[in-house]
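Report on one structure; see the data block that follows.
The figures that follow rest on heavy atoms only: side chains count, while hydrogens, waters and symmetry mates do not.
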Amino acid sequence: QFRLVESGGGLVQPGGSLRLSCTASGGVLDFHGLGWFRQAPGKEREGVSCISGRGSGTVYADSVKGRFIISKDHAVNTFYLQMNSLKPEDTAVYYCAVESYGSSCAVLRADGMDYWGKGSLVTVSA
């Protein structure tokens with residue numbers, strides 16, 4: 001059974017860094033779009049970043065542009081979100097997701113993604 005498993009969340013101080021990983025099991029990471037989304041308490045899920053599964057194009061939400069970097073490594077069936085200069089408003093459960101075809105990932109839209117991880121909590125607090 002195909003699954004996505006996130007790791008790397010935790011508690012970090014403002015200004016700090018964390019790297020999230022999303023590893024595929026039960027299959028290869030051969031998808032059109034690979035993305036990260038987040039949901040803060042009391043808020044809707046929002047797109048953070050996506051990377052083309054079969055190319056190199058990336059897209060970022062304005063709120064994380066210049067601070068977060070998405071990358072992938074097909075050799076280990078994993079994609080990543082490097083989060084730098086973290087702010088308290090980045091606190092959320094972060095989910096990885098993949099899209100088989102379409103353009104949802106490219107516009108950071110959650111409802112078109114096909115498979116989801118269970119989420120990893122990131123807390124930014126002093």
Side-chain angles (χ1 to χ4, degrees):
Q1 182 180 0
F2 183 81
R3 291 193 309 151
L4 296 173
V5 180
E6 299 102 339
S7 61
L11 173 64
V12 64
Q13 293 186 341
S17 298
L18 282 175
R19 187 177 79 158
L20 300 178
S21 299
C22 179
T23 300
S25 65
V28 297
L29 202 60
D30 183 22
F31 290 89
H32 179 65
L34 316 174
W36 290 96
F37 297 77
R38 68 185 181 186
Q39 188 165 17
K43 295 188 177 181
E44 293 187 356
R45 191 169 298 190
E46 64 174 353
V48 176
S49 181
C50 275
I51 186 168
S52 171
R54 302 178 182 119
S56 59
T58 59
V59 62
Y60 296 92
D62 288 344
S63 59
V64 307
K65 204 171 292 183
R67 299 188 297 123
F68 290 10
I69 301 170
I70 191 170
S71 63
K72 59 181 180 174
D73 186 343
H74 286 287
V76 292
N77 257 1
T78 301
F79 62 105
Y80 307 93
L81 186 69
Q82 177 67 41
M83 304 184 293
N84 302 317
S85 302
L86 282 160
K87 306 175 181 179
E89 51 263 44
D90 293 317
T91 295
V93 177
Y94 284 71
Y95 299 89
C96 63
V98 297
E99 175 185 34
S100 299
Y101 62 90
S103 59
S104 292
C105 202
V107 296
L108 299 177
R109 195 177 73 199
D111 61 3
M113 306 302 285
D114 296 303
Y115 296 95
W116 290 84
K118 291 186 177 181
S120 181
L121 177 62
V122 171
T123 304
V124 185
S125 175

Tell me whether E46 is salt-bridged to R38, with the criterion being a basic N under 4.0 Å from an acidic carboxylate O. yes
Are R45 and W116 packed together at the side-chain level, in the sense that at least one heavy-atom pair is separated by less than 4.5 angstrom? yes
If you count every heavy atom of other residues, nucleotides or ligands that lies below 6.0 Å from K43 atom NZ, does the total exceed 12? no
Whether the side chain of Y115 engages the backbone of S100 through a donor-acceptor N/O pair (distance < 3.5 Å, no angle test) should be reported. no
Verify, without hydrogens or angle tests, whether E6 (side chain) and C96 (backbone) share a donor-acceptor contact under 3.5 angstrom. yes
Taking the six-membered ring for Trp, are F79 and F31 closer than 6.0 Å centroid to centroid? no
Is there side-chain contact between S125 and L11, with heavy atoms separated by less than 4.5 Å? yes
Is the cationic atom of R19 (NZ for Lys, CZ for Arg) positioned less than 6.0 Å from the six-membered ring centroid of Y80 and within 45 degrees of its normal? yes
Donor-acceptor pair between N84 and S17 side chains, under 3.5 angstrom: yes
Main chain of Y94, side chain of S120: is a donor-acceptor contact present, judged purely on distance under 3.5 Å? no
Grab the two heavy atoms, one from Y60 and one from I70, that are nearest each other, plus how far apart they are. OH-N, 2.9 Å
Nearest heavy-atom neighbours spanning V59 and C105: CG1-O, 3.9 Å
Does N77 reach the main-chain N or O of S25 with its side chain, forming a donor-acceptor pair under 3.5 Å? no
Non-hydrogen side-chain atoms of F68 and L86 separated by less than 4.5 Å: yes
Can you confirm whether more than 12 heavy atoms, excluding those of E89, are under 6.0 Å from its CD atom? yes
Would you mind listing every salt bridge (Lys or Arg N to Asp or Glu O under 4.0 Å) that reaches into residues 66-86, with sequence neighbours excluded? R67-D90
So T23 and T78, side chain to side chain donor-acceptor pair (under 3.5 Å) or not? Walk me through it. CA-CA 4 Å; T23 300; T78 301; 3.0 Å; yes
Okay, side chain of H74, backbone of R54: is any donor-acceptor separation there less than 3.5 Å? no
